[in-house]
Amino acid sequence: MILISACLCGVNCKYNGKNNLNEECLELLKKGEAILVCPEQMGGLETPRNPSEIKIVNGEVKVFMNDGTDVTENYKRGAEEVLKLAKELNVKKAIFRKKSPSCGCGEIYDGTFTNTLTKGNGITTSLLLENSIEVEVR
């Protein structure tokens, strides 16, 4: 089994209420090889919601919405729920959405809300990688 960002299979769970449909991911779901997750929703955030980005504050990773609301705890809670599911189902791989503050891998937005990218991983991706779960992005 593979964890897949629900938005990649057509679920309208992105911050703007839309999705990032990826036919390859949808095919994995149709074959019964995928488990869909949305860390933001699993962490208690609504859809639609204001966009969020990761920002380092006093050396600590934080997540803020573009209106300044600190949603770090929601992102951490969602990441923990995804990890719990992965462990229960012995999942070793995830396919996530690139650049996301939850799911991004290798590259995320820099916290300025100017579409500027920086090196880094989303909150959920970081937790999965720390637990030896491979993450690919689409």
Side-chain angles (χ1 to χ4, degrees):
M1 282 297 198
I2 299 171
L3 293 179
I4 297 182
S5 294
C7 65
L8 291 173
C9 288
V11 177
N12 293 326
C13 58
K14 282 180 53 172
Y15 74 92
N16 61 6
K18 297 181 181 178
N19 66 69
N20 293 309
L21 181 61
N22 177 290
E23 293 297 331
E24 184 181 316
C25 291
L26 184 58
E27 200 54 42
L28 290 169
L29 178 64
K30 287 179 181 178
K31 290 180 185 175
E33 298 175 12
I35 299 159
L36 301 186
V37 295
C38 177
E40 289 94 338
Q41 287 184 340
M42 293 169 78
L45 295 174
E46 297 177 354
T47 301
R49 58 192 167 272
N50 286 349
S52 299
E53 293 186 6
I54 291 177
K55 196 174 203 175
I56 306 301
V57 179
N58 297 325
E60 191 178 341
V61 175
K62 301 289 240 170
V63 186
F64 294 95
M65 289 184 164
N66 65 348
D67 66 1
T69 304
D70 184 340
V71 289
T72 305
E73 290 309 311
N74 297 92
Y75 276 77
K76 286 181 178 179
R77 188 177 321 120
E80 290 290 343
E81 289 297 318
V82 170
L83 177 62
K84 180 179 166 185
L85 185 63
K87 285 182 172 181
E88 286 175 3
L89 299 173
N90 199 30
V91 170
K92 299 295 180 198
K93 181 178 179 181
I95 300 174
F96 282 167
R97 179 67 187 154
K98 62 184 175 181
K99 304 175 192 171
S100 158
S102 282
C103 301
C105 186
E107 195 173 57
I108 55 173
Y109 291 107
D110 72 352
T112 63
F113 297 95
T114 59
N115 288 326
T116 304
L117 294 170
T118 187
K119 290 183 180 181
N121 294 321
I123 303 295
T124 302
T125 293
S126 293
L127 187 60
L128 293 183
L129 291 172
E130 288 168 16
N131 284 272
S132 302
I133 297 171
E134 176 189 352
V135 179
E136 285 182 23
V137 290
R138 299 278 158 52

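Keep in mind that this is a model prediction, so the values were computed, not measured. This chain uses plain numbering: 1 for the first residue, then up along the sequence.
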Q: Using every non-hydrogen atom in the two residues, find where Gly104 and Val137 come nearest and quote the distance to one decimal.
A: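 Looks like C-CG1, 4.3 Å.
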
Q: Is there a path of hydrophobic side-chain contacts, each under 4.5 Å between heavy atoms of I, L, V, M, F, W or Y residues, that connects Ile133 with Met1?
A: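 The answer is yes; both residues are in one hydrophobic cluster.
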
Q: Just distance, no hydrogens or angles: give the donor-acceptor pairs under 3.5 Å from side chains in residues 78-90, sequence neighbours left out.
A:
residue: Asn90; atom: OD1; partner: Lys92; partner atom: NZ; Å: 3.4

Q: How many angstroms lie between CG in Leu8 and SG in Cys103, if you round to the nearest 0.5 Å?
A: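 If I round to the nearest 0.5 Å, the distance is 8.0 Å.
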
Q: Going only through I, L, V, M, F, W and Y residues with side-chain contacts under 4.5 Å, is there a path from Leu3 to Met42?
A: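 Yes, it is one cluster - the side chains of Leu3 and Met42 are joined through contacts under 4.5 Å.
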
Q: Measure the shortest side-chain to side-chain distance between Tyr75 and Ile54 over non-hydrogen atoms and say whether it is less than 4.5 angstrom.
A: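 Heavy-atom side-chain distance check fails, nothing below 4.5 Å.
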
Q: Judged by modelled atom types alone, do Ser100 and Ser102 share a side-chain donor-acceptor pair under 3.5 Å?
A: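 Short answer, no.
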
Q: Say whether Leu45 and Val63 are linked into one hydrophobic cluster, either directly or through other cluster members, by side-chain heavy-atom distances under 4.5 angstrom.
A: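 In one cluster with Leu45: Val63, yes.
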
Q: Got a second to check how far Ile56's CD1 is from Asp110's CG, nearest 0.5 Å?
A: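 So the CD1 of Ile56 and the CG of Asp110 are separated by 11.0 Å.
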
Q: Can you list the steps and then say if Leu128 with Phe96 is a side chain to side chain contact (heavy atoms under 4.5 Å, CB included)?
A: CA-CA 11 Å; Leu128 293 183; Phe96 282 167; 3.6 Å; yes

Q: Assess whether a salt bridge exists between Lys93 and Glu136, defined as any Lys/Arg side-chain N lying under 4.0 Å from an Asp/Glu carboxylate O.
A: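 A salt bridge links Lys93 with Glu136.
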
Q: Mark yes or no for whether Arg97, through its side chain, and Arg138, through its backbone, hold a donor-acceptor pair below 3.5 Å.
A: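 Present.
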
Q: Would Glu53 and Phe113 count as a side chain to side chain contact (heavy atoms under 4.5 Å, CB included) here? Give the steps.
A: CA-CA 7 Å; Glu53 293 186 6; Phe113 297 95; 3.5 Å; yes

Q: Check whether any side-chain N or O of Asn22 sits under 3.5 Å from a backbone N or O of Glu24 as a donor-acceptor pair, and report yes or no.
A: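 Yes; at least one donor-acceptor contact below 3.5 Å.
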
Q: Sub-3.5 Å donor-acceptor pair from the side chain of Asn19 to the main-chain atoms of Leu21, do we have one?
A: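 Looks like yes, one N/O pair under 3.5 Å.
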
Q: Before giving the answer on side chain to side chain contact (heavy atoms under 4.5 Å, CB included), spell out for Asn12 and Thr47 the whole-Å C-alpha distance, their side-chain angles and the decisive distance to 0.1 Å.
A: CA-CA 8 Å; Asn12 293 326; Thr47 301; 5.9 Å; no

Q: Atom CG of Leu129 and atom OG1 of Thr124: how far apart are they, to the nearest 0.5 Å?
A: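 Separation between the atoms: 10.5 Å.
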
Q: To the nearest 0.5 Å, how far apart are OG1 in Thr118 and OH in Tyr109?
A: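 Reported to 0.5 Å precision, the distance equals 12.5 Å.
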
Q: Please identify which of these residues, Lys55, Lys62, Lys76, meets the salt bridge (Lys or Arg N to Asp or Glu O under 4.0 Å) condition with Asp70.
A: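 Result for salt bridge (Lys or Arg N to Asp or Glu O under 4.0 Å) with Asp70: Lys62.
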
Q: Return the minimal non-hydrogen interatomic distance between Gln41 and Cys13, and the atom names on each side.
A: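 Closest approach of Gln41 to Cys13, heavy atoms only: NE2-CB, 3.5 Å.
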
Q: Return yes if some donor-acceptor pair links the side-chain N/O of Asn74 with the main-chain N/O of Gly43 below 3.5 Å, else return no.
A: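 A pair under 3.5 Å: yes.
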
Q: What's the spacing between Glu134 CD and Ile95 CD1 if we round to 0.5 Å?
A: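 That separation rounds to 9.0 Å.
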
Q: What is the minimum heavy-atom distance between Ser52 and Met65, and which atoms define it?
A: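 That would be OG-CG, 3.4 Å.
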
Q: Can you tell me how far the CD atom of Glu107 sits from the CG atom of Leu117, to the nearest 0.5 Å?
A: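 Between Glu107 CD and Leu117 CG, I get 4.5 Å after rounding to 0.5 Å.
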
Q: Restricting to non-hydrogen atoms, name the atom on Cys105 and the atom on Val135 that form the minimum distance, rounded to 0.1 Å.
A: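 Reported closest heavy-atom pair: SG-O, 3.9 Å.
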
Q: Only one of Leu36, Asn20, Ile4 passes side chain to side chain contact (heavy atoms under 4.5 Å, CB included) with Cys25; say which it is.
A: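 Answer after filtering Leu36, Asn20, Ile4: Ile4.
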
